[in-house]
Every structure is written in C-alpha cells, then in structure tokens.
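In what follows, a single structure is set out as structure tokens and then discussed.
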Protein chains: 2
Amino acid sequence: MLNGQKNPSQCQMVVALNMIVGKWKPIILDHLLRGEALRFNELKKLIPDITQRMLTMHLRELEEQDILTRTVYPQVPPKVEYQITEYGMTLQPILTTMQAWGAKHIEHMKEKVQ
Amino acid sequence: MLNGQKNPSQCQMVVALNMIVGKWKPIILDHLLRGEALRFNELKKLIPDITQRMLTMHLRELEEQDILTRTVYPQVPPKVEYQITEYGMTLQPILTTMQAWGAKHIEHMKEKVQ
DNA sequence: CCCATTAGTATCCTTTTTGATACTATGTTT
DNA sequence: AAACATAGTATCAAAAAGGATACTAATGGG
C-alpha cells in the first residue's frame, strides 16, 4: 500500500489526501459534487463562515488540480461559475466512504462518553 | 451528505478526515493496519524521517481515538508496543479507497505534463 | 564506574495555514 | 452623482503544525 515512504508526499494515500484536505475543501467539494454549477457568492452563502480569501484559495487549488472548472462571464457585476469536472467526480467514492465512517464514528464517540 | 456545516468539525466527512490527517499519520496507520504490534523504534525505523516528537504525538492521538493500543512492558530498557484496534481496522476502506485514487491520480498527472 | 539501550520529554524555532479587515474594478440603477 | 452588486486582492496578524536539538530514567553488561 505504501510506496515512496521517505517523503509522505510520494505516498499514494497522501496524494489523495492532499486533494481534500483544507479546512473547507471537503465541504466545497460536497456542494459541487451535486453537479450543478455554483457562483462564488452561492458557495459563500452555502458556507457562511468561510472567508472570501479561503474560498478563493481553495477554489483556485481545486481548479489547478482539474477537480473543478472556473468560468468567467464577462458581465458587470461579475459572474463566475464553478463546476465539478468529470475527473473531480471520481473523488466521490473517497468522500462517500469517509462520510459513512464519520457517521459511525460520531456514534462511537457518544457511547464512549456514557 | 453534509451535516453541521457551520463548523467543519461537525461534518461527518471532516470527522473521518481528522482521524487520518497529520503529516505522517496515514503512513503510521498503513504499517499498523498490517495487524502486527510494532514497537516505537520499529515504527521509527519504518519511517526514517519522522522525528520522535511527531511519532509520539501522532501515536498518542491515535490511541486517544481508539485507533490503536499502547502497551507498556515494565522492562529496562523500555518496551512499548503499538497495535491497531478492531475499531482502527474499520478505517481500512477509507485508506484503500484513497490509495486506489492516489495511484490513478499519479497517472493523471503524468499525462498532464506530457 | 561508565556506557549502551529504549521510549520518550522539553524547549525553542520555523513554516504553514487560517483569519480579519480593508480595498478594488466596473457597469447598472436610483 | 452616488450607491450597489459581484468576485475578487492585499496586507497584516494569529494560530496550528511540524522540525531540531538536547535531555532524561532505569538497568544490564563490561
């Protein structure tokens, strides 16, 4: 399972992990994985506590990694749409697996407390 | 898929993610998921570039989350063994899914460069 | 008595990540 | 002419993560 363990960034798991780590990235991905294009401000409203700066940064990183597309409509005021790519959709199994595990883990923690 | 999106830490995906993020955590988990108990120094040798500090910190976090057990043998020099728990084993699907995706992504990146 | 061994701690420092806040461009509307 | 809307930047500050290095305890062996 491990390859290149000298530097973690050569490890296949870590390569995958790096696509989804970032304080708000899984949440952004989750919204976009529903398939519809979303404007910057729509995402901002869906994720109220994110700062514009972090939203921009995460979106730019995901764009650079072919996970989403950024489409600028030459209008004023500006309109910019973000949409998941086909390649980005391949991340779905990772997020789904994590979501299922996370749900169970929340139960696990409740038991521990009692 | 999203629940509690106000604070990312309430999101099920993020809960799962938090178990495996940390520079060396997936690598530690990968070694322990093979099932055998490993001593501190054995892990250190398997992961040469990790510092003792980070190894200790990651192991303690994983222990606290019921992912592994820490067994101290009262000997001198000390012997401490770390072993994955049954609960920790349930992380396997996440890591396997990520590993498969990571492998494909490395190919994807190669194509992009050429 | 001194050294080696193991599994750590303690301290300080650097890097990375995230946050707060203010600012910008530019057409449209009032 | 001023205000508004959108999608950002820029700058500085704070917090979190990680790294470097030195130190420790206890005992067995030489």
Side-chain angles (χ1 to χ4, degrees), chain A residues 5-11 14-15 17-29 31-32 36-65 68-83, chain B residues 5-11 14-15 17-29 31-32 36-65 68-83:
Chain A
Q5 58 284 75
K6 178 93 182 180
N7 188 326
S9 64
Q10 258 89 73
C11 166
V14 175
V15 165
L17 207 45
N18 284 341
M19 307 299 283
I20 52 178
V21 287
K23 183 159 177 186
W24 309 91
K25 255 190 208 176
I27 294 173
I28 291 171
L29 286 172
H31 287 298
L32 288 173
E36 298 204 18
L38 290 171
R39 295 181 63 171
F40 187 86
N41 267 6
E42 289 176 325
L43 280 164
K44 182 82 189 62
K45 272 165 207 155
L46 288 167
I47 312 169
D49 283 3
I50 197 172
T51 60
Q52 296 196 193
R53 186 173 165 279
M54 285 308 294
L55 183 52
T56 304
M57 286 177 63
H58 283 334
L59 289 171
R60 293 293 156 85
E61 276 185 47
L62 292 167
E63 184 195 5
E64 195 152 318
Q65 291 160 329
L68 53 82
T69 57
R70 176 172 179 270
T71 310
V72 180
Y73 295 88
Q75 305 178 356
V76 170
K79 174 177 174 182
V80 180
E81 279 190 346
Y82 294 91
Q83 184 157 28
Chain B
Q5 57 283 74
K6 177 93 181 178
N7 188 325
S9 64
Q10 257 89 74
C11 166
V14 175
V15 165
L17 207 44
N18 284 343
M19 306 299 283
I20 53 180
V21 288
K23 184 158 176 187
W24 309 91
K25 255 189 208 176
I27 294 174
I28 292 171
L29 285 173
H31 287 298
L32 288 173
E36 296 203 19
L38 290 170
R39 296 181 62 171
F40 187 87
N41 267 7
E42 289 176 324
L43 280 164
K44 182 83 188 62
K45 272 164 207 155
L46 288 167
I47 312 169
D49 284 3
I50 198 173
T51 59
Q52 294 196 197
R53 186 174 165 275
M54 284 310 295
L55 184 51
T56 304
M57 288 178 64
H58 283 334
L59 289 171
R60 293 292 156 87
E61 276 185 46
L62 292 167
E63 184 195 5
E64 195 152 317
Q65 291 160 329
L68 53 82
T69 56
R70 175 172 179 271
T71 311
V72 181
Y73 295 87
Q75 307 178 353
V76 170
K79 174 177 172 179
V80 179
E81 279 189 343
Y82 295 90
Q83 184 157 30

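- For the pair A:Phe40 CZ and D:dA5 C1', the interatomic distance rounds to 14 Å; values are reported in whole Å.
- In this structure the side chain of A:Leu32 never reaches within 4.5 angstrom of the side chain of A:Leu62, judged on heavy atoms.
- Applying the 4.0 Å criterion to OP1 and OP2 of C:dG19, one finds that A:Lys23 has a side-chain N or O inside that range.
- B:Glu64 CD: 12 or fewer foreign heavy atoms inside a 6.0 Å radius.
- Here the side chains of B:Ile28 and B:Tyr82 are not in contact, with every heavy-atom distance at 4.5 Å or above.
- Atom P of nucleotide C:dA7 and atom CG of B:Leu59 are separated by 11 Å, given to the nearest angstrom.
- Map A:Val76 and A:Thr56 each onto its nearest nucleotide of DNA chain D; the residue landing nearer the 5' end is A:Val76.
- The residue A:Tyr73 sits apart from the nucleic acid: no heavy atom pair falls under 4.0 Å.
- Each of B:Asn41 and A:Met54 has a nearest nucleotide on DNA chain C; the 5'-most of these lies closest to B:Asn41.
- Residue A:Arg60 contributes atom CZ, which lies 12 Å from atom P of D:dA7 at whole-angstrom precision.
- B:Gln75 places its CD atom 20 Å from the P atom of D:dA25, with the value rounded to the nearest Å.
- Of the two residues contacting DNA chain D, namely B:Met57 and B:Pro78, the nearest-nucleotide position lying further toward the 5' end is that of B:Met57.
- Taking only side-chain atoms of B:His58, from C-beta outward, the nucleotide of D:dA7, C:dT18, D:dG18 with the closest atom is D:dG18.
- Taking atom CG on B:Leu38 and atom P on C:dA7, their separation rounds to 11 Å, with Å as the unit.
- Across all strands, B:Lys44 comes closer than 4.0 Å to no nucleic acid atom at all (heavy-atom distances).
- Following rounding to the nearest Å, B:Arg53 (CZ) and C:dC12 (C1') show an atom-to-atom distance of 10 Å.
- Counted within 6.0 Å of CD on B:Glu42, heavy atoms from surrounding residues, nucleotides or ligands total more than 12; the atom is thus considered enclosed.
- Contact annotation: the side chain of B:Ile47 approaches that of B:His31 to within less than 4.5 Å [non-hydrogen atoms, C-beta and beyond].
- Rounded to a whole Å, the CD1 atom of A:Ile20 is 15 Å from the P atom of C:dT17.
- At C:dT17, none of the side-chain N or O atoms of A:Trp24 fall inside 4.0 Å of OP1 or OP2 (strictly under the cut-off).
- Atom pair B:Ile28:CD1 and D:dG18:P shows a separation of 11 Å (rounding to whole Å applied).
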